[in-house]
Amino acid sequence: MVLITLSDNGIETIKSNPELPKKEMEFVNRWKAENYLESFYISVSKKDAVLIFKDLDEPATKKCIESLPYFPYMAKIEYHNLNKQF
């Protein structure tokens, strides 16, 4: 699981460039289609996101996150290894 918080300046940059969200969602949709991404949640403020990956180790997950168009605007990234219970 990856918890992401965007910086305040990043939010402003993203809002002023409508192509950035489109590019970001291309990655998310591709990961979903390739079965790497199990779930994707975004806060109402659009400042925070939770991505739940499956069948990827932490280095591969980090590589995915670092490839995102929003990566330069991320203020905080937390990686958590989880075991699914149900």
Side-chain angles (χ1 to χ4, degrees):
M1 176 178 69
V2 183
L3 306 172
I4 297 170
T5 301
L6 298 173
S7 68
D8 291 333
N9 291 338
I11 292 282
E12 294 307 314
T13 301
I14 291 164
K15 285 180 180 178
S16 68
N17 185 345
E19 288 302 310
L20 272 174
K22 290 177 188 175
K23 289 179 182 177
E24 185 82 359
M25 287 310 297
E26 286 175 12
F27 281 83
V28 171
N29 290 329
R30 186 178 73 229
W31 295 340
K32 182 72 174 164
E34 292 173 352
N35 227 17
Y36 294 139
L37 187 64
E38 184 171 315
S39 299
F40 174 65
Y41 301 91
I42 189 163
S43 66
V44 174
S45 69
K46 298 188 178 178
K47 186 175 180 176
D48 303 292
V50 176
L51 293 89
I52 301 175
F53 288 89
K54 58 182 177 181
D55 302 325
L56 285 182
D57 61 13
E58 190 169 332
T61 301
K62 286 182 178 182
K63 188 173 180 179
C64 286
I65 296 300
E66 291 169 3
S67 71
L68 288 169
Y70 283 14
F71 181 72
Y73 310 109
M74 295 177 187
K76 185 176 179 183
I77 306 168
E78 295 179 38
Y79 297 92
H80 299 274
N81 291 312
L82 304 174
N83 290 319
K84 189 171 184 177
Q85 298 295 308
F86 56 88

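Computation of the quantities below employed the complete heavy-atom set of this structure, encompassing side-chain atoms and omitting hydrogens, waters and symmetry-equivalent molecules.
No continuous path of ILVMFWY side-chain contacts below 4.5 Å connects I4 to Y41, so the two sit in separate hydrophobic clusters. L3 and I65 end up in different hydrophobic clusters when Ile, Leu, Val, Met, Phe, Trp and Tyr side chains are linked at under 4.5 Å. Taking hydrophobic clusters as Ile, Leu, Val, Met, Phe, Trp and Tyr residues chained together by side-chain heavy-atom distances below 4.5 Å, L56 shares a cluster with V2.
The two residues I52 and L37 make their nearest non-hydrogen contact at O-CD1, 3.5 Å. Across K47 and I11, no two heavy atoms sit closer than the pair CA-CD1, 3.7 Å.
Screening L6, T5, D48 against K76 for a side-chain contact (heavy atoms from CB on, under 4.5 Å) leaves a single residue, T5.
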Audit row: E26, K23, salt bridge (charged side-chain N to carboxylate O under 4.0 Å, His left out) steps and yes/no: CA-CA 5 Å; E26 286 175 12; K23 289 179 182 177; over 6 Å; no
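Rounded to the nearest 0.5 Å, atoms CG (L68) and CE (M74) are 4.5 Å apart. Atom OH of residue Y36 and atom SG of residue C64 lie 7.5 Å apart, to the nearest 0.5 angstrom. In this structure, NZ on K22 lies 10.0 Å from CG on N17, to the nearest 0.5 angstrom. Separation of atoms CG (D55) and CD (E34) is listed at 13.0 Å; rounding is to 0.5 Å. K62 NZ to S67 OG: the interatomic distance, rounded to the nearest 0.5 Å, is 14.5 Å. Rounding to the nearest 0.5 angstrom, the gap separating the CG atom in L51 from the CZ atom in F27 is 12.5 Å.
For the pair V50/S39, no side-chain contact is recorded, criterion being any heavy-atom separation below 4.5 Å from C-beta on.
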For residues 79-86, please give each side-chain donor-acceptor pair under 3.5 Å, one per line with the distance, not counting sequence neighbours.
residue: H80; atom: NE2; partner: E78; partner atom: OE1; Å: 3.1
residue: N81; atom: ND2; partner: E58; partner atom: OE1; Å: 3.3
residue: K84; atom: NZ; partner: E38; partner atom: OE2; Å: 3.1

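N29 places a side-chain N or O within 3.5 Å of a backbone atom of M25 that can act as its donor or acceptor partner.
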